[in-house]
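This chain uses plain numbering: 1 for the first residue, then up along the sequence. First listed ligand is number 1; within each ligand, the first listed atom is number 1.
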Amino acid sequence: MNPIYLDNNATTRVAPEVVDEMLPYFSKFYGNPSSMYNFGGNAGMKIKQARAKVAELIGALPEEIVFTACGTESDNTALWAALRANPLKRHIITSAVEHPAVKNPAEYLSRNGYHITFVPVDHLGRLDLDFFHQHLSDDTAIVSFMWANNETGVIFPVEQIAEKVKSKGAVFHTDAVQAAGKLHINMAENGIDMLSLSGHKLHAPKGVGVLYVRKGTKFAPFMMGGHQEAGRRGGTENVASIIGIGKAAELAAEKMEEENTKIKALRDRLEFELIRRIPNAIINGDCQNRLPNTTSIAFEYVEGEAILLMLDEHNICASSGSACTSGSLEPSHVLRAMDVPFTAAHGSIRFSLSRYNTAEEIDFVIEKLPPVIERLRRMSPFWGQKTACQTTAIK
Ligand SMILES: *Cc1c(COP(=O)(O)O)cnc(C)c1O
């Protein structure tokens, strides 16, 4: 039985159309795209087409697209490139809710000679723009804010911020891994200098990413080696996966609006019904300004991990915090930055949908989850205390 997969911000199913395009490039056309003979040239031509398709999805020029091995590499490269290109500037600005692919290198740099400002968010996960403006200075080398948050789906006004950053002479990078295919992105109409994408969040395979580098941006490669990617990223191209991300970008661009309308309707129904049926369930983050596919819901006074295990018995996949923080019992840094109370952060579950989810699947979750929460609350000492207190208060 196929699982009911509601964890698409962690990874997505590779689209069947993508697999079909990729397969011949493992077995039949395995040539090195840098070779002089025609056999390799075929792969080179396909990479060129993939580059154009990715560029098309985000309104970029093909030569502004650099293929990497993952979203994490793209994020690391952006930081590295900006710091190397502006060696006299020692200040970095990022947010308190970034993915570990930005957060961890930023923390490393803060221990190694750089000054880092982590811009806080409010209780709805919205960036504190006043704080940001106060800290942006002539010493700032790079500002990196994610376009959309992987845990809550909250969207940051990155296009507006890019203008501000430009006026101070710093580089602006955005991690758009969760935004790609879900939001309208047009690099021709904004001032963003660098932008990261990841294949496996977009129905392409794991192990391929993209770094967009605006024409004219000073750049230093992170992966030094051969002359691939016009000298911006060494290493023989991951031909099949690059073809895959090209096809995935094409599919996303073709049907973005139609799919997002469908996905949002399913997400909204899931959220509405769960909140209606389950007491003390609260949405984390700014509902007015969110990705169409994501909902993070706090079920107060229960353990997120326990909910996930019981959902797993029904073959329903979701996540608590992010995939990268699960395994530890610490609530996610995103929910902590939003000041979500401990009792709510611990019981927070993220559902993230894709084009492959159906109304039947959503109905199944709406039916199965409320009794799960009820059962867990009956076992929870905190829930008992809470209801006892409330009863006392009412009396
Ligand atoms: C998944 C993710 C990444 C990392 O991408 P990988 O390809 O898995 O390295 C970076 N940023 C965000 C927001 C993500 O969701």
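- Per-residue contacts place N150 under 4.0 angstrom from the following atoms of ligand 1 (heavy atoms of the residue considered): 13 (C), 15 (O).
- At a heavy-atom cutoff of 4.0 Å, ligand 1 is contacted by no atom of E73, backbone or side chain.
- Taking a cutoff of 4.0 Å between a charged side-chain nitrogen and a carboxylate oxygen, K166 and E163 do not qualify as a salt bridge.
- Taking NZ of K247 as the reference point, atom OG of S241 lies at 16.0 Å (rounded to 0.5 Å).
- For atom 11 (N) of ligand 1, the nearest protein heavy atom (residue, atom name, distance) is D175 OD2, 2.6 Å.
- Among all protein heavy atoms, the one lying closest to atom 14 (C) of ligand 1 is K201 NZ, 3.0 Å.
- Near V177, with a cut-off below 4.0 Å to any heavy atom, the atoms of ligand 1 are 2 (C), 10 (C), 11 (N), 12 (C), 14 (C), 15 (O).
- Each of the atoms 6 (P), 7 (O), 8 (O) of ligand 1 lies under 4.0 Å from some heavy atom of H200.
- Using a cutoff of 4.0 Å between basic side-chain nitrogens and carboxylate oxygens, E107 and R111 are not scored as salt-bridged.
- For H135 (side chain) and T140 (main-chain N/O), no donor-acceptor pair under 3.5 Å exists by modelled atom type.
- Atoms of ligand 1 lying under 4.0 Å from any heavy atom of S198, numbered from 1 in the order shown and given with element: 5 (O), 6 (P), 7 (O).
- Contact check on D138 versus K89 returns no salt bridge, with no Lys/Arg side-chain nitrogen under 4.0 Å from an Asp/Glu carboxylate oxygen.
- Taking the side chain as every heavy atom from C-beta outward, F132 and T117 never approach each other to under 4.5 Å.
- At a 4.0 Å heavy-atom cut-off, ligand 1 touches T72 through backbone and side chain alike.
- If you check which protein heavy atom lies closest to atom 5 (O) of ligand 1, you get G71 CA, 3.5 Å.
- When only modelled atom types and interatomic distance are considered, N9 and N293 share a side-chain donor-acceptor pair under 3.5 Å.
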